[in-house]
Amino acid sequence: MKLHKLDGYIQSIYLVEYQDRLLLLDGCSRADIPVLKHFIIRTLQRPMSDLNLIIVTHMHPDHAGAAHKLRTLTGCKIAAANVPGQWYKGFEGVLMHLTDMLLAKWVAKRMKKPRRNIWYSSKLKTDYKLNDGDALPNFPDWVALATQGHTDRDISLHHVPSNRVYVADLMVKVKGNYIPPFPVFYPNRYRNSLHKIIALKPDSIILAHGGEVQPSEQEFQHLLNCAPKVPKTHWRSVKMKVSRALKLKYPVE
């Protein structure tokens, strides 16, 4: 097993190479497809059809955005958490899907990346559903772990032989500090997920935003201290800002 880290549009891409097949640890962004294609064909000198499996850890644009198109391009399979329904459902789901793409574009602008088309379907069609503790299809050395909180269907991926774990957006490294992601829809689940990863005592943790790291006990404790106790979501943030603006405009006598 060889783990390749590529610079994606707004996140790191992790491609796992085996002698006869490739595993993509997350569904990336639509803008990452040319990067992956170039690396597989030019650098690894392998056909795109060697891509066997894509894991979608959750439905945000930089984790699910390329999955469907890569399946069409390569014939690979898609696996995700065994959670009923779709993340982006109903009218609010439509708004949230659009908001998440706008946030991704905002992040890209801050990173001084060129404009790219990152539209993707809000509905994920999977080939495999993964439960907590399931080995990945065709990749039995990797195990799926339910690590919800950021959304209702987040999974992490534990490579058991090397004791490394890819946690996607469970934690983010910003300016040398480990902080919770935005949003956190389920704060209790989120804290439980952090404790779950800490209990594994992994040799290293692989982040979608921050590379491969080895947080200390103090850094884990700081992350737990920063974990929200109430949901921290798009709509809650908007409501709080509106409420503050109204209080400033119409102060209580």
Side-chain angles (χ1 to χ4, degrees), residues 2-16 24-29 31-32 35-36 39 55-66 100-101 103-113 118 142 144-151 153-159 162-187 189-229 231-234 237:
K2 188 173 183 180
L3 180 65
H4 299 282
K5 176 179 176 289
L6 314 178
D7 290 330
Y9 189 50
I10 62 171
Q11 86 298 331
S12 296
I13 301 168
Y14 296 99
L15 182 69
V16 189
L24 189 60
L25 294 189
D26 226 334
C28 306
S29 159
D32 295 320
V35 174
L36 269 168
F39 184 79
I55 309 299
V56 173
T57 63
H58 61 289
M59 278 301 294
H60 287 156
D62 50 335
H63 297 268
D100 285 339
M101 284 190 286
L103 282 172
K105 285 180 174 289
W106 177 79
V107 170
K109 185 175 181 180
R110 289 200 64 180
M111 294 173 71
K112 298 181 179 179
K113 295 293 183 76
I118 61 169
W142 290 87
L145 302 173
T147 49
Q148 299 176 0
H150 181 42
T151 72
R153 60 198 64 218
D154 303 79
I155 53 175
S156 296
L157 303 170
H158 185 203
H159 185 246
S162 66
N163 198 26
R164 303 153 88 186
V165 58
Y166 173 65
V167 298
D169 282 355
L170 185 67
M171 50 195 283
V172 181
K173 189 176 183 182
V174 178
K175 296 181 180 178
N177 296 314
Y178 300 106
I179 61 172
F182 179 85
V184 173
F185 278 85
Y186 305 95
R189 298 188 205 179
Y190 177 72
R191 295 175 69 85
N192 289 338
S193 295
L194 286 178
H195 283 295
K196 186 175 192 174
I197 295 300
I198 293 169
L200 274 180
K201 296 183 179 179
D203 290 345
S204 66
I205 290 177
I206 305 165
L207 308 177
H209 305 274
E212 190 165 1
V213 298
Q214 295 172 311
S216 65
E217 288 184 18
Q218 292 78 10
E219 287 171 323
F220 272 129
Q221 188 57 54
H222 174 73
L223 178 61
L224 285 165
N225 292 340
C226 293
K229 303 247 182 343
K232 190 176 179 183
T233 67
H234 316 70
S237 296

> L25 and L157: which non-hydrogen atoms are nearest, and at how many Å?
Replying inline: O-CD1, 3.5 Å
> So how far is it from L223 CG to Q221 CD, rounded to the nearest 0.5 Å?
Replying inline: 9.5 Å
> Are E212 and K5 close enough for a salt bridge, meaning some N to O gap below 4.0 Å?
Replying inline: no
> If you measure from OH on Y9 to CG on D62, what distance do you get to the nearest 0.5 Å?
Replying inline: 11.5 Å
> Tell me, do R153 and T57 make a side-chain contact under 4.5 Å, heavy atoms counted?
Replying inline: no
> Mind checking whether I55 and Y166 have side chains closer than 4.5 Å, heavy atoms only?
Replying inline: no
> Can you find a heavy atom in the side chain of P61 that is under 4.5 Å from one in the side chain of M101?
Replying inline: yes
>> For a quick test of reading the model, state the closest non-hydrogen atom pair linking S156 to V165 and the distance between them.
In response: CB-CG2, 4.1 Å
>> Closer than 3.5 angstrom, by distance alone: can the side chain of R191 be matched with the main-chain N or O of L224 as a donor-acceptor pair?
In response: yes
> What closest approach, in Å, do P183 and T233 show between heavy atoms, and which atom pair accounts for it?
Replying inline: CB-CA, 3.8 Å
> Can you tell me how far OG of S12 sits from CG of L6, rounded to the nearest 0.5 angstrom?
Replying inline: 9.0 Å
> Any side-chain heavy atom of L207 within less than 4.5 Å of one from V172?
Replying inline: no
>> Q11 vs D169, test: side-chain hydrogen bond (donor to acceptor under 3.5 Å, both in side chains). Steps then yes/no.
In response: CA-CA 10 Å; Q11 86 298 331; D169 282 355; over 6 Å; no
> What pair of heavy atoms forms the shortest contact from S193 to A146, and how long is it?
Replying inline: OG-O, 4.4 Å
> Would L145 and L200 count as a side-chain contact (heavy atoms from CB on, under 4.5 Å) if you check the C-alpha gap in whole Å, the side-chain angles of each, and the deciding distance to 0.1 Å?
Replying inline: CA-CA 11 Å; L145 302 173; L200 274 180; 3.6 Å; yes
> Rounded to the nearest 0.5 Å, how far does CG of L24 lie from NE2 of H4?
Replying inline: 12.0 Å
>> Would you say that L3 contacts H159 through its side chain, given a criterion of any heavy-atom pair below 4.5 Å between the two side chains?
In response: no
> So do I205 and F220 actually touch side chain to side chain, heavy atoms under 4.5 Å?
Replying inline: yes
> How are the rings of H58 and H63 set to each other: parallel, tilted or perpendicular (split at 30° and 60°)?
Replying inline: tilted
> Closest approach of L170 and Y190, non-hydrogen atoms and distance?
Replying inline: O-OH, 2.7 Å
> Can you tell if the side chain of R110 reaches within under 4.5 Å of the side chain of V107, non-hydrogen atoms only?
Replying inline: no
> With respect to H150, which candidate in R189, K232, H60 satisfies the side-chain hydrogen bond (donor to acceptor under 3.5 Å, both in side chains) definition?
Replying inline: H60
>> Test side-chain contact (heavy atoms from CB on, under 4.5 Å) on N163 and H158; report intermediate values, then the result.
In response: CA-CA 7 Å; N163 198 26; H158 185 203; 2.9 Å; yes
>> Show the nearest heavy-atom pair for residues K105 and I118, with the distance to one decimal.
In response: CG-CD1, 3.8 Å
> When rounded to the nearest 0.5 angstrom, what is the spacing between CZ in F39 and CG in D32?
Replying inline: 13.5 Å
>> I'd like to know whether CG of N225 has more than 12 heavy-atom contacts from other residues, nucleotides or ligands below 6.0 angstrom.
In response: yes
> Nearest 0.5 Å, what's the OG1-CE distance between T147 and M171?
Replying inline: 12.0 Å
>> Are C226 and H222 packed together at the side-chain level, in the sense that at least one heavy-atom pair is separated by less than 4.5 angstrom?
In response: yes
